[in-house]
S.K.: 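Here's a structure for you.
It should be emphasised that the depicted structure is a prediction, and the values quoted were computed from it without experimental measurement. Naming convention: chains lettered A, B, ... in sequence-line order (proteins, then strands); numbering from 1 in each chain.
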Protein chains: 2
Amino acid sequence: MKGEKEYLAAYNIHDYDIPLVGVDAVLFTYHGDMLKLLLVERRNHPDKNKWALPGGFVDKQSDKTLEDTVLRKIQEKTGVEPPYLEQLKTYGNALRDKRGWSITVCYTALISHQVCAPHVVSVSDVAWVAYDELSNYSLGFDHLEIITHARERLKQKSLYSVIPAYALPQKFTLPELQNLHEVLIGKPLQKKSFRRRIEQAGLFEDTGEKRTEKGRPATLYRMKDSSACFTFVRNLEQ
Amino acid sequence: MKGEKEYLAAYNIHDYDIPLVGVDAVLFTYHGDMLKLLLVERRNHPDKNKWALPGGFVDKQSDKTLEDTVLRKIQEKTGVEPPYLEQLKTYGNALRDKRGWSITVCYTALISHQVCAPHVVSVSDVAWVAYDELSNYSLGFDHLEIITHARERLKQKSLYSVIPAYALPQKFTLPELQNLHEVLIGKPLQKKSFRRRIEQAGLFEDTGEKRTEKGRPATLYRMKDSSACFTFVRNLEQ
DNA sequence: CCAATAGTGTCTGTTAGACATTATAGA
DNA sequence: TCTATAATGTCTAACAGACACTATTGG
């Protein structure tokens, strides 16, 4: 009977018929009153010249975890690390990739538009695409399905959390955040209800600064560390 | 410049250094007033003789999807398919498996104890283990972390859905379901609150049958198809 | 002054918590 | 009748919806 040492020494991953494994990120931001996401135009086969989510394969040398892989891929395209990253779902089947049985571990990430705008502009094959204009883009693989699922999850989160705030700059106003939630939910919210729950939960910190565009200046807030994991017991109306 | 056909013809997955990929299932049930889950005693290296979640590797021939893989693995150990299966999370890093960089796509499944009891009894390396007695078992890999996460998610679901009902037999009583929710949440619930929301949402169907143990007979219900996806807008108190 | 936007006051409606009460079985 | 459990009645508290109101800026 072999011991574990002998077993591991004789073990060779290439003896097995393993599916292809990668990661993909749905990176959302909010800009110009629109929900946008980052797409990459594919330069290689398969699905060459189609648009796809930023993603790629695990590098067993440089990546210690799946999060390392997805952060590395996001950094390649945006130049920065997003403040919010959460695993979405893993898609795996025999048909989603022409190269054969393949798996992608998908993440949802949120980032402010301004913080990665300079780098994105400098990279030719990357673009911020408004979610509502996705139909103008030919997407590779099953990425439309993945994006749709990420969008739906983000909508749900906007009903019981303030996680969408990570798609805004560090300092933001409450009307700004409410607008984002309204875009996500697809209908207007009661200003009073929206502000009340955030105040009562003590989620944000007043920066002391104001921003004036038109009308009365709006207070600028920043998130507290605790606000990422806070969930309201009661959802907003859908 | 090569076309896609040539690219795919030349493509060989074994040219790449790919992580090991498998699936695992946290299969819960409710029996003897306890939340239990299915564990398998490992017969092979690595982590031989430790207990682990039912799971294994994708068989690219027999499995068309990841769900096929996990259902096949659950069937091997229980003889049946669970009525509830949902993806939990994917764990992937360089250290979780001694064989090297590995990924496991994890699922939560629910099933009634009675429907798979006969088969489980007949398989020597499989056991239903009470969640509260997990500390008596030496678990392989990172399976304790996975189980803990699945348990937490199931607790959350008990606050805003009736999904735990899938861990009961097809016909069940409301006090029975409430007991399960109380075990999951870890504190007693108001009988009135619990029943009211289920009635108002019209989630269950009266079978017309009653079950008498001690005291007044309890009405037996069955789930409607819609009840799996129903979520209450307001959570029960935690 | 007005227009525009930020932010508040306050009433209503819904629903969970609390807990007393009634209903139906077996012994 | 008594005990045990199932199921209901009803009051309260919390909080979201609705919408009128006030506050603060620029022109």
S.K.: Side-chain contact, heavy-atom cut-off 4.5 Å: B:Arg153 with B:Glu86?
M.R.: yes
S.K.: Looking only at N and O atoms, is any donor in the side chain of B:Arg216 or the base of C:dA25 less than 3.5 Å from an acceptor on the other one?
M.R.: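 Result: no qualifying N/O pair found.
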S.K.: Please state whether the phosphate of C:dG26, meaning OP1 or OP2, lies under 4.0 angstrom from any side-chain nitrogen or oxygen of B:Lys214.
M.R.: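 Result: no.
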S.K.: Tell me, do A:Arg197 and A:Gln200 make a side-chain contact under 4.5 Å, heavy atoms counted?
M.R.: no
S.K.: Check whether any side-chain heavy atom of B:Thr90 sits under 4.5 Å from a side-chain heavy atom of A:Ile103, and report yes or no.
M.R.: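 No; the side chains remain at least 4.5 Å from each other.
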S.K.: Mapping B:Thr212 and B:Leu236 onto DNA chain C by nearest heavy atom, which one lands closer to the 5' end?
M.R.: B:Leu236
S.K.: Restricting both atoms to N or O, compile the protein contacts to nucleotides 9-14 of chain C shorter than 3.5 Å, with distance only.
M.R.:
from  : atom 1 : to       : atom 2 : distance (Å)
C:dG9 : N7     : A:Lys192 : NZ     : 3.1

S.K.: In whole angstroms, how far is the P atom of D:dA6 from the CG atom of B:Leu177?
M.R.: 13 Å
S.K.: Could you check whether A:Phe230 and A:Phe232 have their ring centres less than 6.0 Å apart?
M.R.: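 So the answer is yes for these two rings.
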S.K.: Would you please confirm or rule out a distance under 4.0 Å between OP1 or OP2 of D:dA18 and any side-chain N or O of A:Ser193?
M.R.: no
S.K.: Just call it for A:Thr219: base, sugar-phosphate, or nothing, with non-hydrogen atoms closer than 4.0 Å on any strand.
M.R.: sugar-phosphate
S.K.: With a 4.5 Å cut-off on side-chain heavy atoms, are B:Leu39 and B:Ile147 touching?
M.R.: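 SC-SC contact between B:Ile147 and B:Leu39 confirmed.
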S.K.: Check every atom of C:dG17, D:dA7, C:dT8 against the side chain of B:Glu237 and return the nucleotide holding the closest atom.
M.R.: C:dG17
S.K.: Quick one: A:Lys191 NZ to C:dT5 P, roughly how many Å, whole number?
M.R.: 11 Å
S.K.: Measure across B:Val183 and B:Asp33 and return the closest heavy-atom pair with its distance rounded to 0.1 Å.
M.R.: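 So the two residues come closest at CG2-O, 3.9 Å.
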S.K.: Rounded to the nearest Å, what distance is computed from the NZ atom of residue A:Lys210 to the P atom of nucleotide D:dT25?
M.R.: 8 Å
S.K.: Below 4.0 angstrom, which residues in residues 151-165 of chain A have at least one non-hydrogen atom near DNA chain D?
M.R.: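 Of all residues in residues 151-165 of chain A, none places a heavy atom under 4.0 Å from DNA chain D.
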S.K.: Which class fits the ring pair B:His149 and B:Tyr91: parallel under 30°, tilted 30 to 60°, perpendicular over 60°?
M.R.: perpendicular
S.K.: Is there a side-chain contact between B:Lys77 and B:Asp125, using heavy atoms and a 4.5 Å cut-off?
M.R.: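 Yes. Closest side-chain heavy atoms under 4.5 Å.
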S.K.: Within less than 4.0 Å of OP1 or OP2 of D:dA16, is there a side-chain N or O belonging to A:Gln190?
M.R.: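 Indeed not, no polar side-chain atom of A:Gln190 lies that close.
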S.K.: Could you give the CG-to-P distance, from B:Asn235 to D:dA14, as a whole number of Å?
M.R.: 17 Å
S.K.: Under a 4.5 Å cut-off applied to non-hydrogen side-chain atoms, are A:His31 and A:Trp128 in contact?
M.R.: no
S.K.: Check this one for me: any side-chain N or O of B:Arg195 less than 4.0 Å away from OP1 or OP2 of D:dA7?
M.R.: yes
S.K.: Starting at the 5' end of DNA chain D and moving along, which residue's nearest nucleotide shows up first, B:Gly215 or B:Glu199?
M.R.: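 Nearest nucleotide further toward 5': that of B:Gly215.
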S.K.: Expressed in angstrom and rounded to an integer, what is the separation of A:Phe172 atom CZ from C:dA6 atom P?
M.R.: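 So the CZ-P distance, A:Phe172 to C:dA6, works out to 14 Å.
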S.K.: Figure out the CD1/P separation between B:Ile185 and C:dA16, and round it to whole Å.
M.R.: 13 Å
S.K.: Please tell me if A:Arg197 has a side-chain N or O lying less than 4.0 Å from either OP1 or OP2 of D:dA16.
M.R.: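 Yes, because at least one side-chain N or O of A:Arg197 sits under 4.0 Å from OP1 or OP2 of D:dA16.
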S.K.: Could you state the atom-to-atom distance from CD of B:Glu209 to C1' of D:dA6 in whole Å?
M.R.: 17 Å
S.K.: Quickly work out the A:Phe194 CZ to D:dC19 C1' distance and round it to whole Å.
M.R.: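 My rounded result for the distance is 19 Å.
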S.K.: Nearest nucleotide by nearest heavy atom, which residue falls closer to the 5' end of DNA chain D, A:Gln200 or A:Pro217?
M.R.: A:Gln200
S.K.: What orientation do A:Phe204 and A:Phe172 show, parallel under 30°, tilted 30 to 60°, or perpendicular over 60°?
M.R.: perpendicular
